[in-house]
Number of protein chains: 2
Amino acid sequence: MKVNVVKNVLRANDIVAQENRSVFKDKGVLALNLISSPGSGKTTLLEKTLPVLSPDKSIVLVGDLETTRDAERVAPHALNATQINTGLSCHLYANQIAQSLSALPLDDAQYLFIENVGNMVCPGEFDLGENLKIILLSVPEGDDKVAKYPTIFRVADLILLTKCELLDILPFDVQRVKEDLAKLNSNTTLLPFSSFKGDGMDVWIDWLKQKRQESIGAQAKFVTE
Amino acid sequence: MKVNVVKNVLRANDIVAQENRSVFKDKGVLALNLISSPGSGKTTLLEKTLPVLSPDKSIVLVGDLETTRDAERVAPHALNATQINTGLSCHLYANQIAQSLSALPLDDAQYLFIENVGNMVCPGEFDLGENLKIILLSVPEGDDKVAKYPTIFRVADLILLTKCELLDILPFDVQRVKEDLAKLNSNTTLLPFSSFKGDGMDVWIDWLKQKRQESIGAQAKFVTE
């Protein structure tokens with residue numbers, strides 16, 4: 001009984017996620033789902049990324065149980081920043097994204113960043129309609145997390161190893177992370193990153209721009225067929 | 001429909017949790033539910049605590065999606081260490097604890113530590129039958145987490161501010177945490193703690209011993225009534 005209910009919830013979520021994906025495609029918006037533990041640096045990443053990438057072309061949707069703190073932090077750098085409070089839910093659902101879309105200036109946007117609730121498990125199971133999933137793993141969390149939380153690492157399009165300025169002072173074996181990743185997901189990249197010092201920022205910005213170009217190219221091809 | 005299913009799941013969980021609590025009471029075991037984000041230091045805390053507290057009187061149940069790494073780490077310091085793999089679930093259920101109890105040497109134990117899946121949300125909603133909930137908040141996660149993840153901080157009996165040796169090098173306002181906590185939960189204590197340097201260890205060990213004495217006293221009183 002319970003398994004069936006969970007399957008139905010996931011199926012309903014996937015239907016709405018596909019509708020969201022169609023909207024993003026129509027609007028030429030690259031949608032990115034940012035997933036990590038609490039405190040891995042998702043909001044700080046956005047504060048540093050948006051001014052460099054495209055401040056007046058980026059929309060941010062932020063999921064949190066309570067408070068509007070994170071949306072307030074990124075708002076000065078974004079075309080629009082909207083907080084979605086999830087109450088008791090440990091992840092965002094596709095319908096929460098769908099309900100937000102009508103109020104967003106998608107015609108003027110190139111990027112939509114969705115900052116998920118801080119959680120290394122369930123956000124990996126619920127498609128929001130994004131084009132790509134970005135996982136943040138911070139150095140203080142330790143080098144054993146990939147094998148212990150495989151759900152999100154299996155679906156990662158890119159993994160940012162955040163707070164990498166702490167690699168000098170905390171025990172962390174990057175090779176162990178790479179080996180665990182190789183067993184789970186051969187289609188992802190691990191990028192050492194520091195919002196504090198700027199390591200990895202150029203590669204990250206180029207990656208985003210390239211992925212948007214690929215997305216627009218795919219869209220144009222689709223329209224002409 | 002979904003709300004009713006969730007309520008039924010929680011109600012069923014609570015019934016089993018009460019049965020677990022009765023077992024712990026009968027056996028004179030103090031059961032502690034350790035809750036935190038991934039990488040806040042739950043396993044390291046146990047590695048440091050058990051040898052000081054009572055290595056041959058402590059049982060550990062460890063919840064993780066996959067791997068047996070954490071149980072292997074604490075096993076040398078415990079009377080028994082058992083891993084519970086939760087698959088896709090982001091928290092332990094009371095029935096997973098109940099199913100483990102028959103194989104555990106509870107007659108010889110004084111303490112049962114339950115290391116929950118690393119997650120700041122759902123473990124706060126699912127009673128396992130524990131006597132007390134211990135929340136770990138690590139300094140690298142940031143000083144804004146109490147208000148953003150109120151579910152677990154509302155139910156905390158004790159909060160360990162772990163990795164407090166990093167207070168010297170990372171921005172973290174302890175006063176902000178205290179103020180956010182004061183709004184949520186007046187029955188908890190915030191204890192700065194360092195498994196690396198030993199800060200807070202004496203207070204933590206004394207707290208555990210005192211809570212077990214209170215638990216046994218309450219049990220004795222119950223028996224004579």
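All values derive from a computational prediction rather than experimental measurement. So you know, we letter chains A, B, ... as the sequences are listed, proteins then strands, and number each from 1.
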Pairwise distance [atom1]([X]) to [atom2]([Y]) - rounded to 0.5 angstrom:
X        : Y        : atom1 : atom2 : answer
A/Cys122 : B/His91  : SG    : NE2   : 7.5 Å
A/Leu170 : B/Lys163 : CG    : NZ    : 7.0 Å
B/Leu65  : A/Lys148 : CG    : NZ    : 10.0 Å

Task: Which atom of A/Glu141 lies closest to which atom of B/Pro38, heavy atoms considered - done: CG-O, 3.8 Å

Task: Proximal component of B/Val139, with respect to chain A [non-hydrogen, under 4.5 Å] - done: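 For B/Val139, there is no contact with chain A at all, as no heavy atom is under 4.5 Å.
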
TODO: Using a cut-off of under 4.5 Å on heavy-atom pairs, state which of B/Gly142, B/Gly118, B/Ser89 scores highest against chain A.
DONE: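 Sorted descending by pairs with chain A, the first entry is B/Gly118.
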
Open item on the list: With a 4.5 Å cut-off on side-chain heavy atoms, are A/Cys90 and B/Cys90 touching?
Closed with: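 A side-chain contact exists here, since the closest heavy-atom pair is under 4.5 Å.
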
For the candidates [options], which exhibits the highest count of non-hydrogen atom pairs separated by less than 4.5 Å from chain B?
options                               : answer
A/Asn85, A/Leu88, A/Asp144            : A/Leu88
A/Leu166, A/Thr67, A/Thr151           : A/Thr67
A/Ser138, A/Gly41, A/Gly124, A/Ala147 : A/Ala147

Open item on the list: Under a 4.0 Å threshold between the charged nitrogen and the carboxylate oxygen, would A/Glu66 count as salt-bridged to B/Arg154?
Closed with: yes

Residues 190-200 of chain B side chain polar contacts: donor-acceptor under 3.5 Å, at least two apart:
{"unit_1": "B/Ser194", "atom_1": "OG", "unit_2": "B/Glu165", "atom_2": "OE1", "d": "2.8"}
{"unit_1": "B/Ser194", "atom_1": "OG", "unit_2": "B/Phe196", "atom_2": "N", "d": "3.3"}
{"unit_1": "B/Ser194", "atom_1": "OG", "unit_2": "B/Lys197", "atom_2": "N", "d": "2.8"}

Taking side chain as everything from C-beta outward and backbone as N, CA, C, O, which of these in [X] sits under 4.5 Å from a heavy atom of chain B? Side chain, backbone, both or neither.
X        : answer
A/Ile169 : side chain
A/Asp70  : side chain
A/Lys145 : side chain

